[in-house]
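FYI, side chains are in, hydrogens and waters are out, and symmetry mates aren't considered; it's all heavy atoms of this structure.
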Number of protein chains: 2
Amino acid sequence: MHINSLLDPAQWQMPNGGPLYVQLRRYIEKAILEGILPAASALPAEREIAALTGLSRVTVRKAVKRLVTEGLIVQRRGSGSFVASKVQKVEQSLSRLTSFTEDMARRGMTVSSTWLERGLFMPSPQEVVTLGLRAGDSVARIARLRCANEQPMAIERASLATHFLPNPLRVESSLYAILEESGNRPVRAIQRISATNIQEADANILGVEPDVAGLRIERTSYLPSGRVVEFTQSLYRGDAYDFVAELQISG
Amino acid sequence: MHINSLLDPAQWQMPNGGPLYVQLRRYIEKAILEGILPAASALPAEREIAALTGLSRVTVRKAVKRLVTEGLIVQRRGSGSFVASKVQKVEQSLSRLTSFTEDMARRGMTVSSTWLERGLFMPSPQEVVTLGLRAGDSVARIARLRCANEQPMAIERASLATHFLPNPLRVESSLYAILEESGNRPVRAIQRISATNIQEADANILGVEPDVAGLRIERTSYLPSGRVVEFTQSLYRGDAYDFVAELQISG
DNA sequence: TAGTGGTCTAGACCACTAT
DNA sequence: TAGTGGTCTAGACCACTAT
């Protein structure tokens, strides 16, 4: 069916069917999910949708807005609106302690990282407590954007005592590989997982819309001795990751 | 400071400071986070904010919209807009297999549930595969809204073979307690965790705004024999839950 | 330069709440 | 009945893209 007749109000508008922007949104959503509007295809311009549907442009934008937040549509100013292509989901175990680099390599995916921060800093109170730092100690921080197959997946912000990572610039890809060299690879970790709407700054880094759902993971890793090695805060795209955990009966 | 002078454009508007709705949103957000606008206090009506700030009502609504999505502000039609009170976060272990009822009781919280669905149904293809049903078998479904201290926390949709739950109406509070009676309490489970923007229907049930971030958990539970007992899909409010997992070194 | 999405206005009517 | 948020319009100007 031609896109113009697709948007004819008779196709989607029902009296007493609720707000017009909701009806239009659901109709477009359905068309995308059913493949009538294939990935990467262009939507008509907002002004044209308005003309075809008989709605104002404001209402059209309101209809499209949530589909953009959900990641079904990508809007590019000056260029147009396009049906987004689906992101491949990745699974990660929640019971084995693995490194991102090794984990992706095992799947045959190409890993790349962009450095957001790397160096020695004055520790925050939380870092002092969690890493067990002493007064005057500085802290090593490495923050990076993690990509798999060129696709941004997560922001990872790790903090370590300088004892374990005197020179943060030495970390090129795998932090755990570096820690292994000095016999300080952690063997145990506590992870705290929650869901959060990704805020503007991080959304820009991850290339998603603000308010998209993301997984926030705080990880504290330990040596066999019980000493804390690293404290990492990560933010994963909700549409790109599945975490898998195996549970045992409660004691 | 009086609310009216608080909203004076001179207080928050900067030339070249970006879109007006973003500037106003950040300003109101800051006022809430700093406690200048305490929980449960009423914001001025949208028309009044528009008059005080010199903006149109549309722009004021746009500024407030995201704060509503983030759960900082609650809007009630016909009544007004109010600063939301913070939700108490709850932790749940990802390594021990516990029941919601028992878990909350251990914390001294009052558990209540509202039934969304309870009975025998024709199974979906996914239920047939996951639960290992035979042709013609029906499936027992119990779906409920879980609350702790009157606060909606999660939607839980469980499916079981009728062999394990011949009469779903018998489940009053704890499903696991019922399963225990017949010696069918699961001892192991696989959970799959991801983040998602909570859609309209579920958002209404949970009493949150559409698009708020939530944790989606799919759990398949097993008997010691390896047979699947239940398959549960849960949706937790992102602002109400922290899941905690302990990881061991990868093999 | 033509076309696109991003922002913003002034005004209208509706459904709902509180009284 | 007065006040509130929810929806919707017609129009304007801007920043950016593609050519």
Verify the contact: side-chain N or O of A:Thr59 to OP1 or OP2 of D:dT9, cut-off strictly under 4.0 Å; return yes or no.
yes
Check DNA chain C for consecutive Watson-Crick or G-U pairs with both distances under 3.5 Å and list the runs of at least three as stems.
C:1-18 with D:1-18
How many whole angstroms separate atom CZ of B:Arg57 from atom C1' of C:dC13?
11 Å
Apply side chain to side chain contact (heavy atoms under 4.5 Å, CB included) to the pair B:Leu43 and B:Ile73, showing each step before the final yes or no.
CA-CA 9 Å; B:Leu43 292 183; B:Ile73 291 178; 3.5 Å; yes
Is a side-chain donor or acceptor of B:Ser79 paired with a backbone partner of B:Arg76 at a separation under 3.5 angstrom?
no
Would you please test B:Glu156 and B:Ser234 for side chain to side chain donor-acceptor pair (under 3.5 Å) and show each step?
CA-CA 4 Å; B:Glu156 216 180 78; B:Ser234 305; 4.7 Å; no
Can you tell me which nucleotide in D:dC8, C:dT4, C:dT9 comes closest to the side chain of A:Arg47?
C:dT4
For A:Gln13 and D:dC8, what is the distance between atoms CD and P respectively, to the nearest whole Å?
9 Å
Does D:dT7 have OP1 or OP2 under 4.0 Å away from a side-chain N or O of A:Tyr21?
yes
Under a 3.5 Å threshold, yes or no: a donor from one side chain and an acceptor from the other, between A:Ser124 and A:Gln126?
no
Are A:Arg157 and A:Glu117 close enough for a salt bridge, meaning some N to O gap below 4.0 Å?
no
Atom-to-atom span, CZ of B:Arg25 to C1' of C:dG6 - whole angstrom
14 Å
So, are A:Glu230 and A:Arg219 salt-bridged, with charged N and O less than 4.0 Å apart?
yes
Whole Å only: how far is the CD atom of B:Gln23 from the P atom of C:dG6?
19 Å
Enumerate the residues from residues 74-83 of chain B whose closest heavy atom to DNA chain D is under 4.0 Å, giving them by residue number; use none for an empty result.
B:Gln75, B:Arg76, B:Arg77, B:Gly78, B:Ser79, B:Gly80, B:Ser81
What parts of residues 60-73 of chain A reach DNA chain C, counting only heavy atoms under 4.0 Å away?
A:Arg61
I'd like to know if the side chain of A:Asn197 reaches the main chain of B:Ala213, judged simply by a donor and an acceptor atom lying under 3.5 Å from each other, with no hydrogens or angles considered.
yes
Rounded interatomic separation in angstrom, taking CG from A:Leu20 and P from D:dT9
6 Å
Between A:Glu70 and A:Arg25, is there a side-chain N and carboxylate O pair less than 4.0 Å apart?
no
Between B:Glu200 and A:Arg26, does at least one N-O distance fall below 4.0 Å, as a salt bridge requires?
yes
Is A:Gly54 touching bases, backbone alone, or none of the nucleic acid, heavy atoms closer than 4.0 Å?
sugar-phosphate
May I have the distance from A:Ile49 (atom CD1) to C:dG3 (atom P), rounded to whole angstrom?
17 Å
Interatomic distance, CD1@B:Ile28 vs CG@B:Leu67, rounded to 0.5 Å, equals 6.5 Å
Starting from the C-alpha separation in whole Å, work towards a yes-or-no answer on side chain to side chain contact (heavy atoms under 4.5 Å, CB included) for B:Val171 and B:Trp115.
CA-CA 10 Å; B:Val171 182; B:Trp115 289 104; 3.8 Å; yes
